[in-house]
Amino acid sequence: MIAQAASDSINVAQNVGFGIIAALMIFAALSVVTTRNVVHAALWLVLVLAGVAAQYILAAAEFVAASQVLVYIGAVMVLFLFGIMLTRAQIGHEKGLNNPTWALGIPVAIVLLGLLAWVIIDAFEDDVLPDRGPTPTVALSDQFLSIYLIPFLALSFVLLAAAIGAIVLARKDR
Amino acid sequence: MIAIDPLLEGRLLWTPLLIVILKVVVVFVIGLVSTIFMVNFERKMVSGLQNRIGPNRAGPRGIFQALADGIKSFFKEDLLPSRADRVVFRLAPFLSFVPAFLIWSVIPLGGEFGPNDDGTLKDGTVVWFGEVTRVQLADPPIGILVVLALSSIAVYGIMLAGWSSGSKYPLLGSVRASAQMVSYEAALGLSLAAVLLSAGTLSTASIVAQQDSFVNWNLVSTGIVPFIVFLIATTAELNRPPFDLVEAEQELVGGFNTEYSGIRFALFFLSEFMGVVTMSAVIVTLFFGGPQPLFLGDVNVLAFLGPLSGTAWFALKLLGFLYLFVWFRATLPRLRYDQLMDFGWKILIPVALGWFLLLAALREFSPDGTFADSLRVVVISLAVGAAAGGLFLLALRVAQNNRLEADETPPTREGVTT
């Protein structure tokens with residue numbers, strides 16, 4: 001409905017939605033580092049990741065959005081919380097959450113922002129992307145099981161290495 | 001932007017908007033009413049199976065018992081433990097309640113399925129007030145992934161409820177409850193993959209449309225194994241007996257909801273019952289053809305209901321599964337925690353994965369489905385599977401022997417530090 005109204009111009013509704021979600025994400029991201037409770041920080045991070053999923057839906061990438069929720073919110077963050085609860089799950093304010101070198105993060109973040117912005121601006125300049133609607137899942141899987149097969153496999157090996165590494169670290173009888 | 005309903009293509013006018021609002025209200029009401037029904041149904045059925053009468057005071061044959069319990073829990077004092085994390089403690093019941101509700105939105109509750117006159121399959125759309133639509137709130141192309149995503153969010157409710165209570169017992173209860181749910185989610189996803197392999201689509205409406213006769217039901221066409229794995233994994237995911245360690249009163253003060261009372265406790269209770277209904281609906285959709293009729297010969301026995309016959313079939317199949325879950329509860333003894341974990345990781349996941357690989361091999365190397373081809377594929381697959389399993393067992397034994405040898409040599413000072 002909205003997509004057809006703006007096939008060759010900028011989609012206003014989509015941009016407004018992007019702005020609102022982005023503002024929420026920034027607030028949540030700041031809360032991740034300023035809150036004084038580890039579990040609350042993890043929950044704010046869940047909100048940031050959910051915002052990413054919402055942005056994917058706005059960009060008509062439904063499959064990526066669902067994967068984002070399944071993988072990051074459903075698995076990674078649950079494991080995070082799991083780890084926190086098995087080790088230190090205090091309620092209320094905690095002391096000593098700040099790393100003494102926290103200020104180093106600011107220049108890193110700025111450099112990262114600049115790098116990403118430069119890459120995106122360099123690639124797209126003033127182009128308005130055609131509004132094609134959602135990509136069918138079949139088309140997506142055809143892509144990453146044919147021409148993107150090797151990056152896909154390489155990524156899965158990274159995960160395998162991480163899993164083995166975790167087992168080796170956790171085992172006591174080395 | 002999102003192709004979830006043929007209704008929303010083209011310009012947005014009043015009629016489609018009103019139809020969508022109506023559908024939202026209907027789905028909401030179905031969710032609530034079915035939950036209340038399930039509470040009564042379970043109590044009556046279990047009491048019947050255990051040879052007692054069950055609720056019989058509130059209303060005729062006790063049908064208002066759930067309503068009375070609900071009203072009571074609204075008026076009970078709502079305790080907030082002094083050491084609780086206030087915001088999260090209040091948030092947790094909703095995190096476990098809302099996902100169960102939202103699953104209803106992608107379940108086809110009716111519609112025109114079955115073959116057309118020219119042999120093609122109907123896609124389940126119906127015409128209401130001159131608008132083409134579906135008897136389901138939304139049919140996103142990623143349909144079934146929405147179900148998986150929502151059921152993975154439901155873990156948060158239990159996990160945070162235990163943590164935010166500010167007490168050790170709920171915390172322990174919630175940690176092991178969420179470990180159980182996360183473990184069985186893997187088996188759930190793997191058995192689902194077998195269905196998706198046979199359907200070739202993620203949309204729930206398309207999955208239903210393909211199951212137009214009994215032999216095409218995914219129950220039959222994927223072999224019965226994925227269904228059994230899915231059913232067991234669902235039972236564990238919902239913390240239903242025999243996997244109900246989460247609230248095993250004898251073992252753990254009560255589990256993650258120990259500190260909850262009043263309406264917040266009722267919300268956890270209701271979300272479990274609603275989960276039973278929604279997951280039964282998911283099973284019916286995935287394996288039993290959803291609103292598709294079961295033909296006896298050529299006769300659709302519910303055809304006299306006209307356009308409602310699909311919904312009636314759906315409700316009938318749903319009721320069958322609700323009864324099955326109650327039957328489980330009345331029959332099976334509870335598993336021990338180590339049995340639970342062993343069963344999930346060492347039996348269910350390998351079986352689901354092996355069956356998925358076998359189905360994939362059959363599809364690839366025996367596309368016509370002739371008996372000779374299929375037999376060859378199955379024999380080769382079994383041989384490969386046996387070889388892989390043997391190598392794995394060998395590796396386990398070698399590792400075990402190495403560990404035993406390491407234990408026999410007394411650890412020296414250097415041995416401890418390295």
Side-chain angles (χ1 to χ4, degrees), chain A residues 1-6 11 13-14 17 37-40 42-43 46 50 53 56-86 89-93 131-141 171-174, chain B residues 1-4 7-13 16 81 83-89 91 95 140-156 159-160 162-168 171-172 174-175 178-179 181-182 185-186 189 196 200-203 402-403 406-407 411 418:
Chain A
M1 41 179 178
I2 303 164
Q4 283 177 351
N11 188 332
Q14 201 170 343
N37 184 300
V38 191
V39 176
H40 286 181
L43 291 180
V46 170
Y56 284 141
I57 288 182
L58 269 188
E62 295 174 351
F63 184 78
V64 189
S67 315
Q68 169 85 15
V69 174
L70 267 174
V71 173
Y72 284 95
I73 301 181
V76 173
M77 287 315 295
V78 169
L79 281 183
F80 258 51
L81 281 172
F82 227 72
I84 294 170
M85 285 181 190
L86 289 176
Q90 296 174 24
I91 284 180
H93 291 176
D131 211 333
R132 277 172 310 196
T135 319
T137 313
V138 177
L140 264 177
S141 56
R171 266 184 67 159
K172 286 186 184 128
D173 53 333
R174 268 181 287 171
Chain B
M1 275 178 289
I2 311 166
I4 51 173
L7 194 67
L8 300 178
E9 283 159 19
R11 293 191 48 213
L12 197 57
L13 295 170
R83 292 192 55 202
D85 187 306
R86 286 158 180 276
V87 181
V88 181
F89 189 81
L91 181 72
L95 280 179
I142 50 165
I144 208 68
L145 286 185
V146 173
V147 174
L148 279 186
L150 288 172
S151 76
S152 68
I153 288 176
V155 181
Y156 280 89
M159 197 173 223
L160 293 175
W163 173 76
S164 64
S165 298
S167 154
K168 282 279 184 269
L171 181 66
L172 284 175
S174 77
V175 164
S178 34
M181 292 170 86
V182 170
E185 223 164 68
L196 299 182
T201 172
L202 292 170
S203 141
N402 286 348
R403 212 171 304 161
D407 281 350
T418 46

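First the proteins, then the strands, lettered A, B, ... as listed; each starts at 1.
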The side-chain contact (heavy atoms from CB on, under 4.5 Å) partners of Ala50(A) (sequence neighbours excluded) come to Ile73(A)

Mind checking the CD1-CG spacing from Ile142(B) to Leu140(A)? Nearest 0.5 Å is all I need.
11.0 Å

Working to the nearest 0.5 angstrom, can you tell me the gap between Met85(A) CE and Leu160(B) CG?
5.5 Å

Under 4.5 Å from any heavy atom of chain A - which part of Thr201(B)
neither

Please check if atom CZ in Phe89(B) has more than 12 non-hydrogen atoms from other residues, nucleotides or ligands closer than 6.0 Å.
yes

Proximal component of Val88(B), with respect to chain A [non-hydrogen, under 4.5 Å]
side chain

Let me know if Ala179(B) has heavy atoms under 4.5 Å from chain A in its side chain, its backbone, both or neither.
both

Checking Val71(A) against chain B: side chain, backbone, both or neither under 4.5 Å from a heavy atom?
neither

Interchain contact, Ile153(B) with chain A, by part (heavy-atom threshold 4.5 Å):
side chain

Write down the atom of Val175(B), the atom of Phe82(A), and the distance for their closest heavy-atom approach.
O-CZ, 3.5 Å

Taking atom CD of Glu185(B) and atom CG of Leu70(A), what is their separation to the nearest 0.5 Å?
8.0 Å

Spacing of CG belonging to Leu79(A) relative to OG belonging to Ser178(B), to within rounding of 0.5 Å
10.0 Å

Hits for ring pair (Phe, Tyr, Trp, His ring centres under 6.0 Å) against Phe63(A), two or more places apart or cross-chain, chain-then-number order -> none

Any side-chain heavy atom of Leu81(A) within less than 4.5 Å of one from Trp163(B)?
no

Could you tell me which non-hydrogen atom of Gly74(A) sits nearest to which non-hydrogen atom of Ser152(B), and how far apart they are?
CA-OG, 3.6 Å

With a 4.5 Å limit on heavy-atom distance, are the side chains of His40(A) and Asp85(B) in contact?
yes

